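First the structure, which I've put down as structure tokens, then a few questions once you've had a look.
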Amino acid sequence: MIIYWLQLLGTAVFACSGALEAGRKRLDLVGVSAVSFITAMGGGTVRDVLLDREALLWTADPAYLYVSIGAGLMTWALARIWIPSRRLLLVLDAGGMALFAISGVEIAEHMGQSAGIAVVMGLITGAAGGVFRDVLCGEIPLIFRRSELYVSAALVGCLVYLCAKALNVPAATASLLGVLVIFFLRVAALKWNWSLPVFVLPEK
Amino acid sequence: MIIYWLQLLGTAVFACSGALEAGRKRLDLVGVSAVSFITAMGGGTVRDVLLDREALLWTADPAYLYVSIGAGLMTWALARIWIPSRRLLLVLDAGGMALFAISGVEIAEHMGQSAGIAVVMGLITGAAGGVFRDVLCGEIPLIFRRSELYVSAALVGCLVYLCAKALNVPAATASLLGVLVIFFLRVAALKWNWSLPVFVLPEK
Amino acid sequence: MIIYWLQLLGTAVFACSGALEAGRKRLDLVGVSAVSFITAMGGGTVRDVLLDREALLWTADPAYLYVSIGAGLMTWALARIWIPSRRLLLVLDAGGMALFAISGVEIAEHMGQSAGIAVVMGLITGAAGGVFRDVLCGEIPLIFRRSELYVSAALVGCLVYLCAKALNVPAATASLLGVLVIFFLRVAALKWNWSLPVFVLPEK
């Protein structure tokens, strides 16, 4: 139950980041709603389509639909008065991403996918929404450029979760462990500016 | 039967708008065909994938495939002689979008989706093709930017359709009502320049 | 069996082209892996989703997953020492695309799709990965712009394959014929600079 509320919180945070990006690009109300919704639900939707699940996250439970669009519009309304600090947003986003990634791994596992595929599904669930947001706003996805351990933090957390389960740790503990690893790795990377090497192709 | 022909007309109009955008970006014949096809069939395809229908619009009935590519190539061939006026295209496009949106709602409803999801599917069916067109051509989607009530007209029409059905209006009448509301709302917005407020994030 | 190894080779080549494009855009390690994977597996994934197959190419056989990401990272590692010549890459890419396109047609045919749909699936399998690569890297897809017969070579090869089968040529021979036609047509177009006319919309 707590997991469910945390996921809705993650949804709201992702939607909020989508709405702010939409504001930076001067989109209108429809654009704000659409980008918020796609940022929040994009990752889970791609995962569900790739795994051929019968119902998507948000067709099965429309609460996700309303929360994501509602959070986007509220961001739009509130931005006249108060814009959440970048730091607060990044920390909340780290939490949302951690929850989404581990829930993606769990779902793929329950469907009998192998470990490698489950990890990929976790990464897609956590990160694809942000990729859609950036492509729709005409940018090269942020997480593909120099960023402070985003997908890589999710990767480590997913592997920790799988190792914990392989060592017979109870499922709930393993999930919690994975979420915490992702969250703290990402927050630490933000604080101390850790990032991955960049591939710069030497010009001919 | 008339609905079917109107849908093919809508397909052709969407394909035509895709081909003209491709011409603005100096794409070649393959690019013109691909963008035309994706503009016309993109919305219905995303809807069918999200709803996990067995067959897509255009795999079930290849007429859509041939009409969309044919219309794109014909636009390419005719553009040397005559380019349809922007106004004519916008009016036809409003008609196509209205038909696509209401047909999307109907399909989602027949599959037993809730009202909120059905509306989202209607909006996707009507609007996603244009989003793909713009992303493929390297633009921020037009309908997310300041535009004259496009998705919002579709939203109002879909709600009118659902209300009409809830009031026991016969399905065919409700559909017609929804299509007309979208069409005239969009055309009126074009004529009198109605649009939604834009979200401009104040720079720090 | 040889086909399987050739397909993995095609996968590696596509991944390599994705990694090099990522290098041109200064993406980090995660970006390189993601773009490599999406370039290599994008076409087959879209085809499998559109045809509603139960398992994707790479969820059914994770070798594709590991080969595509491995090839991308190896390109990243090797690019400090040696960048494969553009000509070598283009020839290998032509081979990979030819194999992917014909395998896409075959799969659609086995699922009972009509000839027109099978051809579209072949083209998507061969070309969609490159479209994703370019959209993710913020470019208008290369194959939509003036290019030396890419999708059109695939189209001719797919039609040759279908005609051969209609004339009762054995399936293996027909496939080989289709692959060779695509490969040599593309290589010849590269050598002699054949391309399709471009649609330039006259400005008003």
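Below, chains carry the letters A, B, ... as their sequence lines are ordered, and counting in each starts from 1. Because only heavy atoms are used, hydrogens play no part in the values below, and waters and symmetry mates are left out as well, while side chains stay in. None of the values given here were measured: they were computed from a predicted structure.
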Region of B:S114 in contact with chain A, defined by heavy-atom distances below 4.5 Å: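 The answer is the side chain of B:S114.
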
Flag side-chain contact, heavy atom, 4.5 Å: A:T59 against B:V120: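 Not touching, per the 4.5 Å side-chain cut-off.
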
Heavy-atom pair count under 4.5 Å with chain A, highest-scoring of B:L51, B:V135, B:L155, B:L50: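 Most heavy-atom pairs within the cutoff with chain A belong to B:L50.
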
A:T45, part contacting chain B, at a heavy-atom distance under 4.5 Å: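 Just the side chain, heavy atoms under 4.5 Å.
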
Separation between CZ of A:F37 and CG of B:L123, rounded to the nearest 0.5 Å: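 It comes to 10.0 Å.
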
Where A:C137 and B:I140 come nearest, the two heavy atoms and their spacing: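 It is O-CD1, 3.5 Å.
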
Which of A:L136, A:I69, A:L56 touches chain B most, by non-hydrogen pairs under 4.5 Å: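 Looking at each option in turn, the highest pair count goes to A:L136.
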
Heavy-atom proximity to chain B below 4.5 Å, by part of A:V30: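 Its backbone and side chain both get close to chain B.
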
